Novice: 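Attaching a single structure in structure tokens format; questions to follow.
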Amino acid sequence: MPTESGSWASARQTKQKRKSHSLSIKRTNSSEQDRSGLQRDMLEGQDSKLPSSVRNTLMDLFGQIEREFENLYIENLELRREIDTLNERLAVEGQSIDGAELSKGQMKTKASHSTSQLSQKLKTTYKASTSKIVSSFKTTTSRAICQLVKEYVGHRDGLWDVSVTRTQPVVMGTASADHTALLWSIETGKCLIKYVGHAGSVNSIKFHPTEQIALTASGDQTAHIWRYTVQLPTPQPTADTSQISGEEEVDFSDKDEAEVDGDVSSDCPTVRIPLSSLKSHQGVVIAADWLVGGKQAVTASWDRTANLYDVETSELVHSLTGHDQELTHCCTHPTQRLVVTSSRDTTFRLWDFRDPSIHSVNVFQGHTDTVTSAVFTVGDNVVSGSDDRTVKVWDLKNMRSPIATIRTDSAVNRISVSVGQKIIALPHDNRQVRLFDMSGVRLARLPRSNRQGHRRMVCCSAWSEDHPTCNLFTCGFDRQAIGWNINIPALLQEK
């Protein structure tokens, strides 16, 4: 009886403590709003050069931080009470277990194990909460530096590639699985030209370095060279879509995809006949690009070869063989006669045509899965991306091993590197687009929410150095391209 009475008294005391603690939590929650208002009033009473909107945002963030740490403190108190209760129970049980005494060493081991479990729980809770706080800062920073400017909707199927002209007028082009390539006004989002000459999916689009000519690669086993003439429409003021609300991450279903009411490209001029057709491949032509000067073009195919053509005559100059599986991409150097091809055989190859009499090749085996793309920078670097979820930066002068490796959480698709600041844009299978510098430091992630961003796999990214509003474009399997404004000075300052 005395033992039962003592246990009842202990249980009653513990219950009273929890009840008191519950009341204290309610009082704390009820006073949060008043305290937030008081802090805001105090801030408004102080002299500050910050705009009111920025000050309000800061106050909201600080309020979130305070609430997170307050929750941690409350959880810590609760865990401490549970530890005390557990120790008391162990002490009572230690007096008699099956009529035998429990040694102090056994009691200590049991209590230590339970305490260790609770300590681990506390650490996990703390880590999750602090990660949420840091994430809120990163989200706010990304939204301020990376802003959505325009969405380009008009294709009937997913987009494989996006490119921007290097001549005036500056327009954007998209290649789609709907067998068409479209040229767009960057300012208005209006379709300017529709190319319908291919009989299969259009897998890539690249613009001539000096003329209004486009090069497209297709699943019909050909690459087409075609001329366009565009007249830019007068830009109209548009609503600001950069300010978003809601949660940072929202899962989309297929029904949330951008729906097109009618064919918005039906009223724009259509080009049906190419200037020339490059027809030497025996499989899907997955990519094509212009060599420096625009007199030659290179194509990459699923027939495991890359072909070099003379643009004026459409004749095959070289067939580049050596890859063991289908090619996935090809890219040319902006100032030198160099070509890099990537393949499903986990390698990419560097082809050197600077000496007209011979061409050399180097094979690089830095990845463990399909190399989805490899691109040149203006300097002496190559950047490769892969389905193995890594991106590697290589030095052309010494390509035995990468000088930087970026590890991500999703397969990487067609990457691009900005000419001026050498910022790498990584489009992912998981609908994210991340920005890194050449040393592998993460700079930002493009915002994704229930109101903006891609809803499906992001297939390609392309930088533009010549447009004042949009300097990065992305496209994906949600049938749209997006133009972004990246505040590069602020981005580098944040780093």
Side-chain angles (χ1 to χ4, degrees), residues 161 163-167 173 175 181 195 197-198 202-218 220-228 271 273-323 326-343 348-363 373-382 396 414 416-417 419 462:
D161 201 18
S163 185
V164 182
T165 60
R166 288 175 275 182
T167 58
Y195 182 71
H198 284 292
V202 184
N203 300 321
S204 80
I205 180 169
K206 289 292 184 289
F207 293 102
H208 193 278
T210 58
E211 300 183 46
Q212 291 191 4
I213 297 176
L215 170 66
T216 50
S218 173
D220 61 10
Q221 303 184 5
T222 69
H224 287 181
I225 298 172
W226 46 279
R227 185 179 295 277
Y228 64 90
V271 177
I273 307 298
L275 295 175
S276 60
S277 180
L278 311 178
K279 300 180 178 180
S280 298
H281 284 292
Q282 303 301 314
V284 168
V285 183
I286 197 66
D289 202 358
W290 303 92
L291 265 72
V292 58
K295 294 183 178 180
Q296 290 182 324
V298 63
T299 57
S301 171
W302 283 4
D303 64 9
R304 305 184 182 185
T305 68
N307 289 340
L308 184 67
Y309 295 92
D310 181 275
V311 171
E312 185 176 355
T313 64
S314 301
E315 293 182 356
L316 178 65
V317 179
H318 289 294
S319 183
L320 312 179
T321 60
H323 281 291
E326 295 93 334
L327 272 64
T328 57
H329 192 250
C330 65
C331 180
T332 60
H333 194 282
T335 60
Q336 304 182 60
R337 289 177 53 81
L338 298 172
V339 175
V340 63
T341 56
S342 51
S343 170
F348 65 95
R349 294 179 176 234
L350 176 65
W351 310 82
D352 190 344
F353 298 101
R354 288 176 292 188
D355 188 340
S357 59
I358 60 172
H359 67 270
S360 60
V361 58
N362 294 297
V363 183
S373 65
V375 299
F376 292 101
T377 68
V378 173
D380 294 324
N381 296 112
V382 172
L396 280 175
R414 292 182 177 178
S416 64
V417 182
V419 175

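Keep in mind the model is a prediction, meaning the values are calculated, not measured. Along the sequence shown, residues carry numbers from 1.
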Novice: Calculate, to the nearest 0.5 Å, the distance between atoms NE2 and CG belonging to H224 and L275 respectively.
Specialist: 11.0 Å
Novice: For a 4.5 angstrom cut-off between non-hydrogen side-chain atoms, does V375 reach H329?
Specialist: yes
Novice: Looking only at atom types and distance, does a side-chain atom of D161 sit under 3.5 Å from a main-chain N or O of I205, one as donor and one as acceptor?
Specialist: yes
Novice: Using every non-hydrogen atom in the two residues, find where Y195 and V271 come nearest and quote the distance to one decimal.
Specialist: CD1-O, 3.2 Å
Novice: Enumerate the residue pairs fulfilling side chain to side chain donor-acceptor pair (under 3.5 Å) with a member in residues 282-294, sequence neighbours excluded, ordered by first and then second residue.
Specialist: D289-T332
Novice: Go through the side-chain N and O atoms of T328 and S342 and say whether any donor and acceptor fall under 3.5 Å apart.
Specialist: yes
Novice: Which atom pair, heavy atoms only, marks the closest approach of V311 to G294?
Specialist: CG2-O, 3.8 Å
Novice: Looking at S343 and E326, would you say the former's side chain and the latter's main chain have a donor-acceptor pair under 3.5 Å?
Specialist: yes
Novice: Just how far is it from atom OG of S280 to atom CG of N307, taken to the nearest 0.5 Å?
Specialist: 5.5 Å
Novice: With no hydrogens and no angle check, is any side-chain donor or acceptor of R354 less than 3.5 Å from a backbone partner on L338?
Specialist: no
Novice: Which label fits W351 and H359: parallel for a plane angle under 30°, tilted from 30 to 60°, or perpendicular past 60°?
Specialist: tilted
Novice: Can you find a heavy atom in the side chain of T222 that is under 4.5 Å from one in the side chain of K279?
Specialist: yes
Novice: Do side-chain atoms of S301 reach the backbone of V284 as a donor and acceptor pair under 3.5 angstrom?
Specialist: yes
Novice: Identify the two heavy atoms, one from D220 and one from H198, that lie closest to each other, and give their separation to 0.1 Å.
Specialist: OD2-ND1, 3.1 Å
Novice: Can you confirm whether Y309 sits close enough to S276 that some side-chain heavy atom of one is under 4.5 Å from a side-chain heavy atom of the other?
Specialist: no
Novice: More than 12 foreign heavy atoms under 6.0 Å from CD of E312: is that the case here?
Specialist: no
Novice: Begin with the C-alpha distance, continue with both residues' side-chain angles, and end with the deciding distance and a verdict on side chain to side chain contact (heavy atoms under 4.5 Å, CB included) for R337 and V292.
Specialist: CA-CA 6 Å; R337 289 177 53 81; V292 58; 3.9 Å; yes
Novice: Looking only at heavy atoms, what is the nearest atom pair of I286 and A217, with distance?
Specialist: C-CB, 4.3 Å
Novice: Looking at NE2 of H323 and CZ of F348, how far apart are the two atoms once the value is rounded to the nearest 0.5 Å?
Specialist: 10.0 Å
Novice: Calculate, to the nearest 0.5 Å, the distance between atoms OG1 and CD belonging to T299 and Q221 respectively.
Specialist: 12.0 Å
Novice: Could you check whether any side-chain N or O of H281 sits under 3.5 Å from a backbone N or O of G283, counting only pairs where one atom can act as donor and the other as acceptor?
Specialist: no
Novice: Taking the side chain as everything from C-beta on, heavy atoms only, tell me whether S218 gets closer than 4.5 Å to V285.
Specialist: no
Novice: Could you state the interatomic distance from CZ (F353) to CG (L320), rounded to the nearest 0.5 Å?
Specialist: 4.5 Å
Novice: Could you report the tightest heavy-atom contact between V164 and F207, atom names first, then the distance?
Specialist: C-CD1, 3.7 Å
Novice: Side chain to side chain contact (heavy atoms under 4.5 Å, CB included), that's the test. Do N203 and W302 meet it? Break it down for me.
Specialist: CA-CA 12 Å; N203 300 321; W302 283 4; over 6 Å; no
Novice: A side-chain contact here means heavy atoms from C-beta on lying under 4.5 Å apart; do N381 and V417 qualify?
Specialist: no
Novice: If you round to the nearest 0.5 Å, how far is SG of C330 from CZ of R349?
Specialist: 15.0 Å
Novice: For A287 and S204, which heavy atoms make the closest approach, and how far apart are they?
Specialist: CA-OG, 3.4 Å
